[in-house]
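Here is the structure we will look at.
Remember, it's a predicted structure, so these values are computed and weren't measured experimentally. Sequence positions, counted from 1, serve as the residue numbers for this chain.
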Amino acid sequence: MFLKFLILTAISATLIIYFQKPLFIEINKYISIESFQTVVDNVRSTFIWIGTLGGHLGHTITFRKPSKLKHSRLFSVNDLSKYNGIEGSKGLYLSILGKVYDVKKGKQHYGPGGSYHSFAGKDASRAFITGDFNETGLSDDVLDLTPQELKSIIHWTEFYARDYKYRGKLIGRYYDAYGNPTSYHNQVMNKIKTARNKMVDEESEKLSYPPCNSEWSQDSGTRVWCSSLR
């Protein structure tokens, strides 16, 4: 009887783990994704304990390896808002183009009173480009900007990826409830790719033509000379 109970418990745990992603959509209406992930982690721990016990009882139980949630954590907008760095908050995070970073080590800039505190607890990608820190400017909508304007976001994304800890993805404009890139994300990335290619072309053009100078005098007229690239 006890063994049957263990098997039924294992089956229930399997259903929770296997169908965890679709459940995100419905459960997030009532609890945060962070809380739901904690529940799933606890179920997995119980699942492993049951498997170990089954082995001691002489039964072979095979489990599917769980996905690494902690390495691809998903934040709802509400979850991220709790990481704004104010007293009592969970930490100091920001998002840029849907990717969430821990900026605690830069709290003098991103914490309360800092120059960039407006970015904390949200995705304000547009403001990185426009410098507009008003409520309308602190938005993650950048698709209407030109590839030329998006050039500056390239440096910011590289900066955060290099200097701060990556924490996960923000569900919304750039990533769906499964953590997959949205069509909006892909459109923005295509514009950024165009901007990158243009930057490369501009650098190549500089190398193709040497820098030149000119001067004019009443006696000799206009004189033009170019410096060697070597």
Heavy-atom check, side chain of Arg162 versus side chain of Thr157, under 4.5 Å: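 Arg162 vs Thr157: side chains apart.
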Looking at side-chain heavy atoms only, is the closest gap between Val100 and Leu94 below 4.5 Å?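 Sidechains of Leu94 and Val100: no contact.
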Spacing of [X] atom [atom1] and [Y] atom [atom2] [to the nearest 0.5 Å]:
| X | Y | atom1 | atom2 | value |
| --- | --- | --- | --- | --- |
| Met189 | Thr194 | CE | OG1 | 11.5 Å |
| Ile129 | Ile154 | CD1 | CD1 | 9.5 Å |
| Phe75 | Tyr93 | CZ | OH | 5.5 Å |
| Leu97 | Leu170 | CG | CG | 11.0 Å |
| Asn84 | Ser118 | CG | OG | 11.5 Å |

Taking all heavy atoms of [X] and all of [Y], pick out the closest pair and write down the distance.
| X | Y | answer |
| --- | --- | --- |
| Phe128 | Ile153 | CB-CD1, 3.8 Å |
| Lys169 | Gly179 | NZ-O, 2.9 Å |
| Gly85 | Pro112 | O-CD, 3.5 Å |
| Val77 | Ile171 | CG2-O, 4.1 Å |
| Leu80 | Ser95 | CD2-CB, 3.8 Å |
| Asn134 | Asp132 | N-OD1, 3.0 Å |

For Ser139 and Asp141: C-alpha separation, side-chain torsions, deciding distance, then whether side chain to side chain donor-acceptor pair (under 3.5 Å) applies. CA-CA 5 Å; Ser139 167; Asp141 186 6; 5.2 Å; no
Under the side-chain hydrogen bond (donor to acceptor under 3.5 Å, both in side chains) definition, can you give me all pairs with a residue in residues 96-105, not counting sequence neighbours?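 Every pair satisfying side-chain hydrogen bond (donor to acceptor under 3.5 Å, both in side chains) with a residue in residues 96-105: Asp102-Arg167.
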Step by step, would you call Glu158 with Arg196 a salt bridge (Lys or Arg N to Asp or Glu O under 4.0 Å)? CA-CA 13 Å; Glu158 291 175 347; Arg196 284 183 182 275; 3.3 Å; yes
Excluding sequence neighbours, so at least two apart, what forms ring pair (Phe, Tyr, Trp, His ring centres under 6.0 Å) with His117?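 His117 satisfies ring pair (Phe, Tyr, Trp, His ring centres under 6.0 Å) with no other residue.
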Side chain to side chain contact (heavy atoms under 4.5 Å, CB included) between Thr130 and Glu149, intermediate numbers included: CA-CA 8 Å; Thr130 64; Glu149 290 173 317; over 6 Å; no
On the 0 to 90° scale, with breaks at 30° and 60°, tag the [X]-[Y] ring pair as parallel, tilted or perpendicular.
| X | Y | value |
| --- | --- | --- |
| Tyr116 | Tyr110 | tilted |
| Trp156 | Tyr160 | parallel |
| Tyr184 | Tyr174 | perpendicular |

Any side-chain donor paired with an acceptor under 3.5 Å for Asn78 and Ser76?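 There is no such pair between these side chains.
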Return yes if some donor-acceptor pair links the side-chain N/O of [X] with the main-chain N/O of [Y] below 3.5 Å, else return no.
| X | Y | answer |
| --- | --- | --- |
| Ser115 | His109 | no |
| Lys191 | Leu143 | yes |
| Asn180 | Asp176 | no |

Can you list the steps and then say if Asp140 with Arg173 is a salt bridge (Lys or Arg N to Asp or Glu O under 4.0 Å)? CA-CA 8 Å; Asp140 60 352; Arg173 200 181 292 276; 2.8 Å; yes
Evaluate whether atom CD of Gln108 has more than 12 neighbouring non-hydrogen atoms of other residues, nucleotides or ligands under 6.0 angstrom away.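 Yes, because the 6.0 Å sphere around CD of Gln108 holds more than 12 heavy atoms from other groups.
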Given the rule that I, L, V, M, F, W and Y join up when any side-chain heavy atoms are under 4.5 Å apart, are Leu138 and Ile86 in one cluster?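 No, Leu138 and Ile86 fall in different hydrophobic clusters.
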Salt bridge check, Asp79 against Arg73: does any charged N sit closer than 4.0 Å to a carboxylate O?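 Looking at Asp79 together with Arg73, the answer is no, because their closest N to O distance does not fall below 4.0 Å.
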